[in-house]
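Input: a single structure, listed below in structure tokens.
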Amino acid sequence: MSFPVDVVVMAAGKGTRMKSLRPKVLHRLAGRALAQHVIDCAARLSARSVVVITGHGAEQVEAGLSQPLGTPDSAAPRLRYVRQEPQLGTGHAVQQAVPVLPDDGVVLILNGDVPLIGQATLQALLQACEGQHLALLTVDTGGDATGYGRIVRSQDADRSVLAIVEHKDANEAQRRITEWYSGVMAAPAALLKPLLQGLTNDNSQHEYYLTDVVKHAVAQGRVVRAVTTRDEVEVAGVNSPLQLAELERACQRRLAHALMEQGVRLADPARLDVRGELMCGQDVDIDVNCVFEGRVKLGDGVRIGANCVIANAAIDAGAVIHPFTHIDGEKLGVSVGRGALVGPFARLRPGAQLGEDVHIGNFVEVKNSTLAAGAKANHLAYLGDATVGERVNYGAGSITANYDGANKHRTVIEADVHVGSNCVLVAPVTLGAGGTVGGGSTITKSTPPGALAVARGKQMVLENWQRPAKKKP
Ligand code: UD1
Ligand code: CA
């Protein structure tokens, strides 16, 4: 685009039909607030600035939205908030932004509750605007347009746009018009500002309608351009929990299709939820009912079993996550090494770092711990704040007692240690390489390499001991 674009996002309305205490534009779609989708879309358009108009729940809205990221070819747009108190209509909303809109740009007006508006459509609208015209995004699917502002066009051959008439103000004939206003328009600031000044509220709702700028522009002899879409998902607003859920499905369907286009095999695209960014290598299989949140990376050949919830994690090539596994890396992240096997019913928490071919079995919880290649904890165990060496075998029912009630301490289990079943490793403690801990032991002291430690009851015994050789079958 040869002209700078300043985006206005309207987000001051109440959204009464959501019947929620939370401001409407903060409700989540595919893991992001509705208005965040709109802000991020503006960033992808390389907009110069984004002004969000807030009113109802303004503080919450402002705290709940974040600066969009830049794109490879442009910096992130500047994000600003302007308050609209009280809310006297959409025209009044945009009037509040006038002082912060530079005169040399094109103003693109978006709705904070229309989250799936697409970049290509907006680009087409900006092209129609050409830096000089008022341009509207309209919708015509030939169906019912109840509730929407209707596009009134001239009867002659050029069918030029004359006005937008709100449903509540429309007569019978106007209500039969199937073309409606999406809520999105673009106009040069220098044209828009005086038009906004001319708005009045003499209509059925006693509101200052933004849509009235159209008839005023036409009265001044200006041509109003329209770009029409048939894609209802793109222009769908969220006004109720039902609409939110329907849009979520539509959004998930798109995400699922995009993944399958890349070659990801989804057992059922209708039973996948991506609430963030899911990046997949080649030959990835994902079974039904999996939820991905935050940033998740799946390497080549990764298999995810049914009913897994995976957030903020990187899973390396060939790893298998068996059904019902819960992984949440939060801020620290979780990493699962090449060829590792996790689950079923495993739980990986922030800072779990599993090396190559690590096995984590059912009802095993790992938090802030590093497991080196080939380490195994196959059943009913807890590893917290632990450093676990290569090929360690960590028995069923064993735990690290990492918390003394005030502080967390580390447990170090060196390479090739075998920890029997039902052991309590009271941190800080180090188990020397190649040692063994007898089942049922409570370990309170570090052990030297190769030792057998047995500490059942009060006594702890340290002996030099040889692990028996494996019997040949
Ligand atoms: C608006 C359009 C209508 C269009 C429809 C598309 C007007 C007058 N009408 O109607 O032609 O078909 O969108 O969805 O513009 N808002 C504020 N401050 C206000 C009022 C609203 O910020 O004082 C915000 C709302 O939060 C919302 C957006 O503006 O994000 C649209 O407001 P809404 O009341 O939903 O307008 P509609 O009646 O749906
Ligand atoms: Ca609306």
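In each ligand, atom 1 is the first atom listed, and ligand 1 is the first ligand listed.
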Are any of the heavy atoms in Glu166 under 4.0 Å away from ligand 1? yes
Could you tell me if any non-hydrogen atom of Gly55 lies under 4.0 Å from any atom of ligand 1? no
Ligand 1 to Ala93, heavy atom cutoff 4.0 Å, flagged ligand atoms 17 (C), 18 (N), 22 (O)
At under 4.0 Å between heavy atoms, which part of Ile53 makes contact with ligand 1: side chain, backbone, both or neither? neither
Could you list the atoms of ligand 1 found under 4.0 angstrom from a heavy atom of Gly149? 3 (C), 4 (C), 11 (O), 12 (O)
Could you point out which residue of Leu272, Asp273, Val309 forms a side-chain contact (heavy atoms from CB on, under 4.5 Å) with Phe292? Leu272
Quick check: do Val296 and Met279 have side-chain heavy atoms less than 4.5 Å from each other? no
Looking just at side-chain N and O atoms, do Gln127 and Gln123 make a donor-acceptor pair shorter than 3.5 Å? no
Using distance alone, with no hydrogens and no angle criterion, decide if Tyr209 and Asp169 have a side-chain donor and acceptor under 3.5 Å apart. yes
How does Gln84 reach ligand 1, by side chain, by backbone, by both or by neither, if only non-hydrogen atoms under 4.0 Å count? side chain
What do we get for Leu88 next to ligand 1 when only non-hydrogen atoms under 4.0 Å count, side chain, backbone, both or neither? backbone
Any N/O pair Tyr181/ligand 1 closer than 3.5 Å: yes
Please indicate whether any nitrogen or oxygen in Gly13 is less than 3.5 Å from any nitrogen or oxygen in ligand 1. yes
Using non-hydrogen atoms of the residue, decide whether Gly89 is closer than 4.0 angstrom to ligand 1. yes
Do any N/O atoms on Ile164 end up under 3.5 angstrom from N/O atoms on ligand 1? no
Taken in chain and number order and not counting sequence neighbours, the residues that satisfy salt bridge (Lys or Arg N to Asp or Glu O under 4.0 Å) with Arg303 are none
Sub-4.0 Å atoms of ligand 1 with respect to non-hydrogen atoms of Thr211: 7 (C), 8 (C), 9 (N), 11 (O), 15 (O)
Among Asp113, Val25, Leu244, the one residue meeting side-chain contact (heavy atoms from CB on, under 4.5 Å) with Met18: Leu244
Give the C-alpha distance, both sets of side-chain angles, the deciding distance and a yes or no for salt bridge (charged side-chain N to carboxylate O under 4.0 Å, His left out) between Asp287 and Arg265. CA-CA 8 Å; Asp287 209 335; Arg265 293 185 294 269; over 6 Å; no
Please list all pairs passing the side-chain hydrogen bond (donor to acceptor under 3.5 Å, both in side chains) test where one or both residues lie in residues 87-99, with sequence neighbours left out. His56-Gln87, Gln84-His92, His92-Gln96
Residue from Arg150, Arg153, Arg230 passing salt bridge (charged side-chain N to carboxylate O under 4.0 Å, His left out) with Glu179: Arg153
Give the atoms of ligand 1, by number and element, whose distance to some non-hydrogen atom of Tyr148 is under 4.0 Å. 6 (C), 12 (O), 14 (O)
